[in-house]
Amino acid sequence: MEKKTILSGIQATGNLTLGNYLGALNNWIEMQDKYDCYYMIADLHTLTIRKDPEELRKNTLSLIALYIAAGLDPDKNTIFIQSHIPAHSCLSWVLNCYTYMGELNRMTQFKDKAAKHADNINSGLFTYPVLMAADILAYNADLVPVGDDQKQHLEITRDIAERFNSIYGETFKMPEAYIGKVGARIMGLQDPTAKMSKSSPNELDKILLTDTPEDIRKKFKKAVTDSENVVRYDRETKPGVSNLMAIYGIIKNKTMEEVEKEFEGAGYGNFKSAVAEAVVQRLEPLQKRYYELLENPEKLKAIYEKGDKKASEKANKMLKEVYTKIGLVVD
Ligand code: ATP
Ligand code: LTN
């Protein structure tokens, strides 16, 4: 039987957080044996917020290194750079003509980002989900592993695909979001009611994948909990503790009941140290591989060049089919 196709990406906005890792990247690693996987660096999406050019270039390469250091095998997965495949932008333009302003206006990420960057509400920020739809539909992806915050973008992708298919006949496959049960939304350590975000200005709120063990221990020690001193999972009334439990549970592959049992009568001090150690242990080998890879830009280049080639063949085929259906002259 033919393998199902997976596509996902992360913006090249800099250092990844534990949220990005547990919500997205960690699931990707588990999928690499069963599926035909395409993982890209969403560098074009990064342009929707003003970035220093040199920093963007550097972030793009370091994100590839991080993908591999986290466990993505470049021989099993197609790892590529979004901007290297012009078909994404071409398909995005076409799909823009099948997407309504009203639909885009409802996107919560647009509203959040527009509020955060009120001085630069550019049209790229508004049409961001259409480029994301093009990324996904160009590969006929069956599944898209992302964090919970991207659910709405998957819904609009399906709406656009359905609209196109209903006019021109079966063209795009309907993609589905693949969202992990526990790690879908890792919350901030200082404000456990908001998601951990790499753009948060409060360093104590987020764990970066490149944080030192000392930083990680310090941040968990200072994490906000509650006064009950009982390790119990309840997102509503105990958001801080529940978030720490989720982090521990994913890393140790344990259910929330198992975590509750393990820390029965332990108190928050011991529990927090255990969570910190689990994270330190998981990140140590990742960091070692990451810094080694950064020393070897030629190797990284060879990986994305190979990925670019495979990705562009697949995306170009789909673009040609779309162009033909809508009436553009293709040959
Ligand atoms: P920013 O803070 O700059 O908006 P981000 O941290 O949300 O960025 P993205 O590049 O937008 O990062 O997201 C990359 C992937 O990580 C997506 O699949 C997203 O759903 C997931 N993700 C981001 N934050 C979290 C989180 N706190 N918990 C779980 N998954 C997350
Ligand atoms: N918008 C996504 C990044 C992204 C993406 C994609 C994810 C761009 N294109 C295609 C999955 C599939 C985000 O995580 N912020």
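As the structure is a computational prediction, the values presented were derived from the model and not from experiment. We count ligands from 1, going down the list as the structure has it; atoms in each ligand are counted the same way.
Of the polar atoms of Gly9, none of the N or O atoms is found under 3.5 Å from an N or O of ligand 1, judged by distance alone. Of the N or O atoms in Val146, none lie within a sub-3.5 Å distance of an N or O in ligand 1. Some N or O of Tyr128 is nearer than 3.5 Å to an N or O of ligand 2, by distance alone. Taking only nitrogen or oxygen atoms, main chain and side chain alike, Asp149 reaches within less than 3.5 Å of ligand 1. In terms of N/O distances under 3.5 Å, ligand 2 is approached by Gln150. Looking at Gln150 next to ligand 1, no N or O pair under 3.5 Å apart turns up. Among the atoms of Thr17, none of the N or O lies under 3.5 angstrom from an N or O of ligand 1. An N or O contact shorter than 3.5 Å is missing between Met187 and ligand 1 by distance. Taking only nitrogen or oxygen atoms, main chain and side chain alike, Asp135 reaches within less than 3.5 Å of ligand 2.
Taking a cut-off of under 4.0 Å to the non-hydrogen atoms of Val146, the atoms of ligand 2 that pass are 7 (C), 11 (C). For ligand 1, the atoms sitting less than 4.0 Å from at least one non-hydrogen atom of Ser197 are 1 (P), 2 (O), numbered in the order shown with element in parentheses. Residue-ligand proximity, Gln11 to ligand 2, at heavy-atom distances under 4.0 Å covers atoms 15 (N). Interface atoms of ligand 2 facing His45, defined by a heavy-atom separation under 4.0 Å, are 8 (C), 9 (N). Within the listing of ligand 1, atoms 28 (N), 29 (C) sit less than 4.0 angstrom from a heavy atom of Arg185. Atoms of ligand 2 found under 4.0 Å from any heavy atom of Ile136 (numbered from 1 in listed order, with element): 10 (C), 12 (C). Near Val144, the atoms of ligand 2 lying under 4.0 angstrom from a non-hydrogen atom of the residue are 11 (C), 12 (C). Within ligand 1, counting atoms from 1 as listed, the ones closer than 4.0 Å to a heavy atom of Gly23 are 29 (C), 30 (N). Against a heavy-atom cut-off of under 4.0 Å, Met196 is close to the following atoms of ligand 1: 24 (N), 26 (C), 27 (N). The atoms of ligand 1 that sit less than 4.0 Å from any heavy atom of Ile10 are 10 (O), 14 (C). Taking a cut-off of under 4.0 Å to the non-hydrogen atoms of Leu7, the atoms of ligand 2 that pass are 10 (C), 12 (C). The atoms of ligand 2 that sit less than 4.0 Å from any heavy atom of Ser8 are 7 (C), 11 (C), 12 (C).
When Tyr39, Tyr139, Tyr67 are each tested for a ring-ring contact (aromatic ring centres under 6.0 Å, His included) with Phe80, only one passes: Tyr139. Checked against Asp36 for a salt bridge (Lys or Arg N to Asp or Glu O under 4.0 Å), the options Lys4, Lys3, Lys310 give a single hit: Lys310.
Tyr248 and Ile251 fall within a single hydrophobic cluster, where Ile, Leu, Val, Met, Phe, Trp and Tyr side chains are chained together by heavy-atom contacts under 4.5 Å.
The proximity of Ala42 to ligand 2, defined as any non-hydrogen pair under 4.0 Å, is limited to the side chain. Contacts with ligand 2 closer than 4.0 Å are made by no heavy atom of Leu131, backbone or side chain.
Put simply, part of Met40 is less than 4.0 Å from ligand 2, judged by heavy atoms.
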Open item on the list: Could you go through Glu292 and Arg289, starting from their C-alpha distance and side-chain angles, then the distance that decides it, and tell me whether this counts as salt bridge (Lys or Arg N to Asp or Glu O under 4.0 Å)?
Closed with: CA-CA 5 Å; Glu292 278 167 12; Arg289 283 195 297 269; over 6 Å; no
TODO: Run the numbers on Asp33 and Lys76 for salt bridge (Lys or Arg N to Asp or Glu O under 4.0 Å), then give the verdict.
DONE: CA-CA 7 Å; Asp33 291 316; Lys76 288 185 189 158; 2.9 Å; yes
Task: salt bridge (Lys or Arg N to Asp or Glu O under 4.0 Å) between Lys206 and Asp211, worked out - done: CA-CA 10 Å; Lys206 56 188 178 189; Asp211 274 347; over 6 Å; no
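Of the inter-residue distances, the one linking Leu244 atom CG with Ile186 atom CD1 reads 9.5 Å to the nearest 0.5 angstrom. Separation of atoms CG (Leu25) and CG (Leu66) is listed at 6.5 Å; rounding is to 0.5 Å.
Of all non-hydrogen atoms in Ile29 and Gln32, the two that sit nearest each other are O-CG, 3.1 Å. Shortest non-hydrogen contact noted between Ala65 and Leu294 is CB-CD2, 3.9 Å. Shortest non-hydrogen contact noted between Val241 and Arg232 is CG1-O, 3.9 Å.
The aromatic rings of Tyr128 and His45 lie tilted to each other, with the angle between the two planes from 30° to 60°.
Atom 4 (O) of ligand 1 has its nearest heavy-atom neighbour, among Gln109, Lys198, Lys113, in Lys113. For atom 15 (C) of ligand 1, the nearest non-hydrogen atom from the set Ala24, Ser8, Ala42, Ser200 belongs to Ala24.
At a cut-off of 3.5 Å, with distance as the only test, no side-chain donor of Asn140 or Thr5 sits close to an acceptor on the other residue. In this structure, a donor-acceptor pair under 3.5 Å is absent between the side chains of Thr46 and Lys51.
Judged purely by atom type and a 3.5 angstrom limit, Ser8 uses its side chain to pair as donor or acceptor with the backbone of Pro145. For the pair Asn77 (side chain) and Ile79 (backbone), a donor-acceptor distance under 3.5 Å is absent.
Scanning the protein for heavy atoms near atom 3 (C) of ligand 2, the closest one is Gly9 O, 3.5 Å.
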